[in-house]
Engineer: 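Have a look at the structure that comes next, please.
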Amino acid sequence: MTDKRVVIVTGGGTGIGEATARLMCGQGHHVVVSGRRAEPLQRVEREAGALAYPSDIGDPDAAGGLVRATLAAYGRLDGLVLNAGIGRGGSVGDLSLEEWDEVMRTNLTGPLLLLRAAIPHLLETRGSVVAVASVSALRNGTSNAPYATSKAALLQLCRSVAVDYGRRGLRANTVCPSWVRSEMADRRMARFAEETGLPGGVEAAYDEATMPVPMGRPGEPHEIAEAISWLLSPAASYVNGAVLTVDGGATALDPGTLAFDFHVAPRRDGRSDDVR
């Protein structure tokens with residue numbers, strides 16, 4: 001792998017994807033950012049120097065087109081960051097099949113299609129894949145069935161690549177963030193504040209949601225980007241099939257000990273906990 005790498009980042013217009021693209025462009029690499037919305041991608045292109053390629057990788061033709069556009073621009077592919085994703089809630093008994101299919105198409109089928117298009121070229125460069133899953137792939141919460149299932153499946157999809165192609169020099173790893181400031185997380189926090197009547201809006205919601213986290217705060221996109229950049233780099237040359245939690249210690253905490261440090265009581269709607 002050359003010093004200057006060529007990397008595709010899906011969901012590259014905002015949040016973790018944007019931070020990853022900016023970091024890698026700043027390191028001198030060529031980055032192609034993809035996503036459904038053209039405007040944020042073009043902003044990253046304009047400000048950071050990435051190449052914007054609006055696409056929906058849940059479409060097989062679009063996934064192949066993204067890889068072909070990258071090869072046409074830079075002649076090679078060294079890294080792939082599977083970051084595009086959506087969140088939908090619901091328990092098994094009440095979620096709609098339409099919501100289930102939408103989450104699976106974006107969070108799981110899209111990555112599969114892009115991997116199928118990219119793997120032959122990643123094998124040529126002995127490249128690297130990083131999937132952005134979630135702590136929801138490892139731990140679950142209430143009314144989270146479609147999202148958690150999709151992220152757990154994405155983790156195992158990435159491990160399948162690690163196992164099947166590792167002998168040919170292709171590495172594949174997964175990062176699992178907890179709450180990270182992003183457009184998607186902001187929307188969830190806004191709903192949380194509204195549903196619970198929490199004064200202080202989004203910031204207060206982040207404070208309360210991350211209060212039990214050992215570091216006591218949400219992550220920032222650039223903190224996840226640093227982990228992704230390392231996993232893509234030669235510095236992680238023997239890291240394959242790994243799951244790296246970048247969660248401020250959230251998954252290290254035993255929930256059975258929460259009562260010793262916080263007052264925990266059911267909320268009015270009975271769907272989540274009040275932690276103080």
Side-chain angles (χ1 to χ4, degrees), residues 8-18 20 32-41 44 52-67 80-118 129-161 174-192 194-195 202 205 209 221 224 269 271-272:
I8 292 173
V9 180
T10 68
T14 61
I16 293 170
E18 177 186 1
T20 301
V32 180
V33 287
S34 174
R36 295 175 181 174
R37 296 181 294 155
E39 184 177 348
L41 298 175
V44 175
Y53 188 88
S55 64
D56 178 358
I57 62 165
D59 177 344
D61 292 335
L66 172 57
V67 173
L80 176 60
V81 180
L82 300 170
N83 173 68
I86 60 172
R88 297 288 185 274
S91 61
V92 170
D94 61 25
L95 64 91
S96 72
L97 287 180
E98 290 77 15
E99 290 173 320
W100 175 267
D101 289 342
E102 182 184 17
V103 171
M104 293 301 160
R105 186 176 77 86
T106 302
N107 294 4
L108 184 60
T109 303
L112 171 68
L113 294 171
L114 187 51
L115 282 165
R116 286 167 63 90
V129 175
V130 178
V132 180
S134 166
V135 294
S136 290
L138 309 171
R139 307 283 190 271
N140 215 329
T142 57
S143 298
N144 198 35
Y147 183 74
T149 301
S150 71
K151 290 300 188 179
L154 176 62
L155 187 158
Q156 289 298 347
L157 177 65
C158 194
R159 276 184 163 168
S160 293
V161 173
T174 305
V175 295
C176 289
S178 184
W179 286 115
V180 176
R181 292 182 186 275
S182 65
E183 281 189 358
M184 188 167 74
D186 285 352
R187 289 193 296 270
R188 182 64 188 95
M189 291 300 162
R191 291 198 306 274
F192 176 39
E194 182 179 356
E195 290 164 357
V202 169
I224 317 305
D269 58 14
R271 291 180 299 174
S272 57

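What you are looking at is a predicted structure, and each value in this text was computed from that prediction instead of being measured. Note that these values count all heavy atoms, side chains included, but never hydrogens, waters or copies made by symmetry.
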Engineer: Just list the side-chain donor-acceptor pairs under 3.5 Å for residues 183-191, sequence neighbours left out, or say none.
Structural biologist:
residue: E183; atom: OE1; partner: R37; partner atom: NH2; Å: 2.9
residue: D186; atom: OD1; partner: Y206; partner atom: OH; Å: 2.6

Engineer: Please name the pair of heavy atoms, one in A205 and one in F192, separated by the smallest distance, quoted to 0.1 Å.
Structural biologist: CB-CD2, 3.6 Å

Engineer: Side-chain contact test, heavy atoms from C-beta onward, threshold under 4.5 Å: evaluate it for V132 versus P177 and give yes or no.
Structural biologist: yes

Engineer: Let me confirm one number: the CZ-CG distance from R105 to L113, rounded to the nearest 0.5 Å.
Structural biologist: 9.5 Å

Engineer: Which residue pairs satisfy the side-chain hydrogen bond (donor to acceptor under 3.5 Å, both in side chains) criterion with at least one member in residues 82-100, sequence neighbours excluded?
Structural biologist: R88-E102, S91-D94, S96-E99

Engineer: Quick one, T149 and L108 - any side-chain contact, counting heavy atoms below 4.5 Å?
Structural biologist: no

Engineer: How many angstroms lie between atom CG of L95 and atom CG of L97, to the nearest 0.5 angstrom?
Structural biologist: 7.5 Å

Engineer: Roughly how far, to the nearest 0.5 Å, is the SG atom of C158 from the CG atom of L115?
Structural biologist: 7.5 Å

Engineer: Can you tell me how far CZ of R36 sits from CD1 of I86, rounded to the nearest 0.5 angstrom?
Structural biologist: 6.0 Å

Engineer: What's the separation between atom CG in N144 and atom OG in S134, rounded to the nearest 0.5 Å?
Structural biologist: 7.5 Å

Engineer: Do the non-hydrogen side-chain atoms of L154 and T174 ever get within less than 4.5 Å of each other?
Structural biologist: no

Engineer: So, for P221 and V180, which heavy atoms are closest and what is the spacing to 0.1 Å?
Structural biologist: N-CG1, 3.7 Å

Engineer: Quick check: closest heavy atoms across G15 and S182, and the distance to 0.1 Å?
Structural biologist: CA-CB, 4.2 Å

Engineer: Donor-acceptor check, side chain of T10 to backbone of A84, threshold 3.5 angstrom: yes or no?
Structural biologist: yes

Engineer: What is the minimum heavy-atom distance between W179 and A209, and which atoms define it?
Structural biologist: NE1-CB, 4.0 Å

Engineer: Please find the pair of heavy atoms, one from A133 and one from Y147, that lie closest to each other, and give the distance.
Structural biologist: O-OH, 4.5 Å

Engineer: I need the L66 CG to I57 CD1 distance, nearest 0.5 Å.
Structural biologist: 7.5 Å

Engineer: Grab the two heavy atoms, one from G90 and one from P146, that are nearest each other, plus how far apart they are.
Structural biologist: O-CD, 3.4 Å

Engineer: Please list all pairs meeting side-chain hydrogen bond (donor to acceptor under 3.5 Å, both in side chains) that have one or both residues in residues 150-161, counting only residues at least two apart or in different chains.
Structural biologist: N107-S150

